[in-house]
Each structure stands twice: as C-alpha cells, then as structure tokens.
Chemist: 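Below are the structure tokens for one structure; questions will follow.
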Amino acid sequence: MNDRPAGAAGIGRDGVGARPVRTGAHATASAAVRYALVPVPRLSLDAVARRSGLHPDLIRRFVALGLVDAERDAAGHLVFDPTAPAVLARIQRLRSGLCLNYASIGLVLDLLDRISLLEAALRGRGTRSETPPWT
C-alpha cells in the first residue's frame with residue numbers, strides 16, 4: 001500500500017515491530033537480524049492525536065510527508081509507535097521555533113538523527129581526536 005521509498009513513513013526508522021531489524025548505522029546483507037519476541041504496543045491515530053494535541057488530518061499529512069513513521073493494521077488503519085507523540089512535538093517545535101516549512105523539517109530531522117548516531121559512535125569508541133574541537 002505504501003509507494004514511498006525506504007526511510008519514508010511506513011518504514012520504521014527504529015525498526016520496532018514484527019519486521020526484521022538490521023543493526024548498525026549502515027547495515028549490509030550479512031548484518032544480524034533481530035525479531036521482536038513480544039508484540040510492540042501501538043497507538044491508534046485518535047490516541048496519537050489526543051496525546052499530541054494535533055488534528056488527525058495534520059498527522060495524516062505528516063505521515064504522507066514522511067515526517068512520522070506509521071504502519072497500517074489489518075483493518076487498514078494507521079497505527080503508530082508509542083514515541084510518535086514525542087516526534088510530533090519535536091516537529092512542532094522545529095516549525096514554530098525555527099519557522100521551517102515541513103519539507104525542510106524532514107531534512108532537519110534526518111540530519112539530527114545522523115548527528116545522534118555519529119555522537120553515539122564516538123562515545124562508543126572512547127577515543128578522543130588529537131585535534132581541538134572546531135568550536
């Protein structure tokens with residue numbers, strides 16, 4: 001049902017659920033695959049709308065733009081990860097605080113996710129660079 005490319009809405013960024021999850025920043029074909037042993041609780045569109053304070057149509061638009069990850073249940077209704085209200089709050093903060101349009105918010109979210117991955121990788125290494133920080 002979803003004709004958006006990988007990484008867009010409907011394809012979970014964090015890989016929770018019954019789908020296989022590849023570990024690592026850039027997983028290859030030989031990467032380990034994890035499967036959820038316990039069903040992950042999902043939120044309906046109405047529950048996400050109540051928790052975030054946003055209209056359901058706006059949330060559907062965010063899903064169509066790829067800003068929020070969602071899947072379809074057996075009945076065809078949108079279901080969300082429990083972290084969706086926090087993601088929506090982050091989108092609203094970027095929209096109001098930086099006056100960004102929704103297309104640029106997608107880019108900013110991707111960049112922030114990449115920065116978090118790089119910082120986590122640096123912390124995991126436990127090594128410091130010989131060069132002083134650029135700031």
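Residue numbers run from 1 in the order of the sequence given.
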Chemist: Please list, chain by chain and in numerical order, all residues satisfying side-chain hydrogen bond (donor to acceptor under 3.5 Å, both in side chains) with Ser44, sequence neighbours excluded.
Modeler: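 So Ser44 forms no side-chain hydrogen bond (donor to acceptor under 3.5 Å, both in side chains) with any residue.
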Chemist: So which pairs with a foot in residues 80-111 pass ring pair (Phe, Tyr, Trp, His ring centres under 6.0 Å), sequence neighbours left out?
Modeler: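 Checked against ring pair (Phe, Tyr, Trp, His ring centres under 6.0 Å) - neighbours excluded - the pairs reaching residues 80-111 are Phe62-Tyr102.
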Chemist: Are Leu109 and Leu98 co-members of a hydrophobic cluster defined by side-chain heavy atoms under 4.5 Å apart?
Modeler: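 In one cluster with Leu98: Leu109, yes.
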Chemist: Examine the side chains of Ser104 and Asn101 and answer whether a donor and an acceptor come within less than 3.5 Å of each other.
Modeler: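 Yes - a donor-acceptor pair under 3.5 Å links their side chains.
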Chemist: Please tell me if the side chains of Arg90 and Leu112 come closer than 4.5 Å, counting only heavy atoms from C-beta onward.
Modeler: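 Of all side-chain heavy-atom pairs linking Leu112 with Arg90, at least one is under 4.5 Å.
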Chemist: Could you tell me if the side chain of Leu100 sits less than 4.5 Å from the side chain of Val108, heavy atoms only?
Modeler: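 Counting from C-beta outward, Val108 and Leu100 do come under 4.5 Å.
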Chemist: Check Arg42 with Asp69, please: is the shortest side-chain N to carboxylate O separation under 4.0 Å?
Modeler: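 No.
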Chemist: Can you name the nearest heavy-atom pair linking Ala49 to Pro56, along with the distance?
Modeler: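 Scanning both residues completely, I find the closest heavy atoms to be CB-CG, 3.9 Å.
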Chemist: Considering only residues two or more places apart or on different chains, which pairs with a residue in residues 94-103 satisfy salt bridge (charged side-chain N to carboxylate O under 4.0 Å, His left out)?
Modeler: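 Counting only pairs at least two positions apart or across chains, no salt bridge (charged side-chain N to carboxylate O under 4.0 Å, His left out) contact touches residues 94-103.
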Chemist: Of the non-hydrogen atoms in Ile105 and Ile91, which two are nearest, and what is the gap between them?
Modeler: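 Closest heavy-atom pair between Ile105 and Ile91: CD1-O, 3.8 Å.
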Chemist: Does any pair with a residue in residues 49-58 pass side chain to side chain donor-acceptor pair (under 3.5 Å), and if so which ones, sequence neighbours excluded?
Modeler: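 Listed by first then second residue: Asp57-Arg60.
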Chemist: Report the residues that fulfil side-chain hydrogen bond (donor to acceptor under 3.5 Å, both in side chains) with Arg114, sequence neighbours left out, ordered by chain and then residue number.
Modeler: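 side-chain hydrogen bond (donor to acceptor under 3.5 Å, both in side chains) list for Arg114, sorted by chain: empty.
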Chemist: Return the CG to SG distance between Leu94 and Cys99, rounded to the nearest 0.5 Å.
Modeler: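 Rounded to the nearest 0.5 Å, the CG-SG separation comes to 11.0 Å.
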Chemist: Tell me every residue that passes salt bridge (Lys or Arg N to Asp or Glu O under 4.0 Å) with Asp73, counting only those two or more places apart in sequence or in another chain.
Modeler: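 So Asp73 forms no salt bridge (Lys or Arg N to Asp or Glu O under 4.0 Å) with any residue.
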Chemist: Do Val79 and Leu43 touch side chain to side chain, with heavy atoms closer than 4.5 Å?
Modeler: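 Counting from C-beta outward, Val79 and Leu43 never come under 4.5 Å.
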Chemist: Could you tell me if the side chain of Arg61 sits less than 4.5 Å from the side chain of Leu67, heavy atoms only?
Modeler: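 The answer is no; the side chains never approach within 4.5 Å.
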